[in-house]
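FYI, side chains are in, hydrogens and waters are out, and symmetry mates aren't considered; it's all heavy atoms of this structure. In this text the structure is predicted, and so the values were computed from the model without any measurement.
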Protein chains: 2
Amino acid sequence: MQWNLDQLSAFVAVCEHGSFSAAARDLHRAQSAVSQAVALLEEDLGVRLFERSGGRMPQLTEAGKALHEEARAVLQQCQRLQGRANGLQRGEEARLRLAQDEAMPYQPVLASLEALVHAFPLLEVQLASGAQGDVARKLVERRADLGLLFHHEQMPEALERQRLGTIEMVTVCGAGHPLARVPYADRRTLAQHRQLLMTPQDSHYSGGEQISPLVWRADSFYAMAELVMRDLGWAWLPRHVASYPTYQGHLLELRSDWTPPPLVVELVCRRDEALGPAARWLGDALARHLGSEG
Amino acid sequence: MQWNLDQLSAFVAVCEHGSFSAAARDLHRAQSAVSQAVALLEEDLGVRLFERSGGRMPQLTEAGKALHEEARAVLQQCQRLQGRANGLQRGEEARLRLAQDEAMPYQPVLASLEALVHAFPLLEVQLASGAQGDVARKLVERRADLGLLFHHEQMPEALERQRLGTIEMVTVCGAGHPLARVPYADRRTLAQHRQLLMTPQDSHYSGGEQISPLVWRADSFYAMAELVMRDLGWAWLPRHVASYPTYQGHLLELRSDWTPPPLVVELVCRRDEALGPAARWLGDALARHLGSEG
DNA sequence: CACAACCTATCTCCAAACCAGATAGCTATT
DNA sequence: AATAGCTATCTGGTTTGGAGATAGGTTGTG
């Protein structure tokens, strides 16, 4: 592999302009330079690239056609590297690792990521879903750059948060639960049945006040929904979780005199590390998509 | 884009060996060369690649990690180009365009192509299926390099053929056809019913003699099978066509005193152009896979 | 604390590579 | 025949790029 990129560029330019001279004009080089470059390339590769039938336009050989494709692929890859470097030079991050609470609504997040890929086509994205505690931990341990979670009382000092929007909560019970036959469930009625709550120590959502003396706890809204579906109690769930197709017909929304305040969605990042342009851009997009929802 | 491939190689070598000196040893270059190469690369890209914290092993920056991947991709593409050139230098063809009769059994062809890709991993393959006339025409007009078809009386002078194997023919009728109730159909019985034959002018297969005074014609075995399935007559079909899953239960194989000789499968190429190694290799593979069948 | 064993950056020098310009030779068109 | 367009090759001057030497750093050890 003794050839170099200039020779490949010359070769490709000749292929696309049809003549050595035209390629030289396009490359702002002397014709002799192009001629020598291609000749050296042919010598290095041991393959005749053009059929020079004397004084007329050179014709690509079969081998030349194949290697033309390969050469274009090489140069394209080089431009990709250059583009990536340009972005990094401008301070763009090399990759963006987004960690989100698993109960985060998918649509706004996916819509934001779809928009992100158009604004930063070369950016590498890693998306991780997990319990709320995991999200914060990933940020603290620098295993994520940006976190997306619900408002939470305890937040490590090293993290900074920013409110993005809210998510409506609904009160639900299973289709076979006694409450399903009640037209309206006031607070006292709810207190007479088993309540399902998020486990408070690891992830303490703001909308999770204990009402009933009898509670079961789970660490994810999806686990709670499964329990509710089996008529083990009632619960407050984000509306988008309650209306998940899997639960269709098994979960009933209750009318009640009190529902917890909406979940507050927050964007979290490290306090000691500046966000790159892509992270800021994604933050804005998430605010737009989540703000219109809550 | 002022950097060159040597700088990329040096960069990648440093990434993989952990130090400039080790990379220099591996590349059989002086340490100063590697140092300068990386320094120039950093300058050209405008991106700091390593964190030199004084006298200890340099550490890749975040940007460096991203560009390391890109650089490796570029070099890999370059090696691909070199490999392709090496093959072409040895006389291997750049691409192999195989045209086959659409009624050719798929299994042997696919098995041969699967083996081909292991022997010639960089070869570009184009596979075209069509009526027999199309196959020969493609070869004559240089739109295909290798043809796979059934023996045929008229063959253009420019083409050369080679026998590969044979394919068994069976006599079939539809499940509701009167012949379906006959335990044994001799030639005279067959002659009393409508016979479906290949159209002779465009594609004249050897196994297609007219027996019945009443014939319908079609230009593909698949079209004939469709007609037979609707009880419009009986026909001779290649066994692999007759046992195609779509026709399962709708086509019956008849016992008869005479079936046409097996179809002879032939490999066809231009007489005036030498076959490359891949074409010869594929020809051998096809002979193996088709020979064991007939 | 001195020393050895690593490492990297930088300087100088020299040979090889490379480019522009000029020239010669070819073909197709007028 | 003349012209215009093309390509290969030669030549001279510039530039690039590598080797070698040197300086300066950190880590680990006696």
A.B. asks: Among residues 20-34 of chain B, which ones have heavy-atom contacts with DNA chain C below 4.0 Å?
C.D. replies: B:F20, B:S21, B:R25, B:Q31, B:S32

A.B. asks: Cut-off 3.5 Å, no hydrogens considered: what does the side-chain donor-acceptor table look like for residues 62-69 of chain B, sequence neighbours left out?
C.D. replies:
from	atom 1	to	atom 2	distance (Å)
B:E62	OE1	A:R95	NH1	2.6
B:E62	OE2	B:K65	NZ	3.3

A.B. asks: Using atom types as modelled, flag every donor-acceptor pair under 3.5 Å from a side chain in residues 110-125 of chain B to any protein atom, sequence neighbours excluded.
C.D. replies:
from	atom 1	to	atom 2	distance (Å)
B:S112	OG	B:P108	O	2.8
B:S112	OG	B:H289	ND1	3.0
B:H118	ND1	B:E114	O	3.1

A.B. asks: With sequence neighbours excluded, tell me which residues meet salt bridge (charged side-chain N to carboxylate O under 4.0 Å, His left out) with A:R143.
C.D. replies: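 Result, salt bridge (charged side-chain N to carboxylate O under 4.0 Å, His left out) vs A:R143: A:E141.
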
A.B. asks: Run the side-chain donor-acceptor check on residues 13-29 of chain B: report pairs under 3.5 Å with partners two or more places apart or on a different chain.
C.D. replies:
from	atom 1	to	atom 2	distance (Å)
B:H17	ND1	B:A13	O	3.0
B:S19	OG	B:S21	N	3.4
B:S19	OG	B:A22	N	3.0

A.B. asks: Could you tell me which residues satisfy side-chain contact (heavy atoms from CB on, under 4.5 Å) with B:Q79, sequence neighbours excluded, listed by chain and number?
C.D. replies: A:M1

A.B. asks: For DNA chain D, what residues of residues 4-18 of chain B have any heavy atom nearer than 4.0 Å?
C.D. replies: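 Under 4.0 Å from DNA chain D: B:N4.
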
A.B. asks: Once side-chain contact (heavy atoms from CB on, under 4.5 Å) is applied, do any residues pair with B:Q2, and if so which ones, sequence neighbours excluded?
C.D. replies: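 side-chain contact (heavy atoms from CB on, under 4.5 Å) list for B:Q2, sorted by chain: B:D44.
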
A.B. asks: Under the side chain to side chain donor-acceptor pair (under 3.5 Å) rule, collect the residues that match up with A:R270, sequence neighbours excluded.
C.D. replies: A:D272

A.B. asks: Test of understanding: with salt bridge (charged side-chain N to carboxylate O under 4.0 Å, His left out), list the residues that count as partners of A:D145, not counting sequence neighbours.
C.D. replies: A:R97

A.B. asks: Can you pull out the residues from residues 41-50 of chain B that lie within a 4.0 Å heavy-atom distance of DNA chain D?
C.D. replies: none

A.B. asks: By salt bridge (charged side-chain N to carboxylate O under 4.0 Å, His left out), which residues pair with B:E70, not counting sequence neighbours?
C.D. replies: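 Partners of B:E70 by the salt bridge (charged side-chain N to carboxylate O under 4.0 Å, His left out) criterion, ordered by chain and then number, come out as A:R80, A:R84.
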
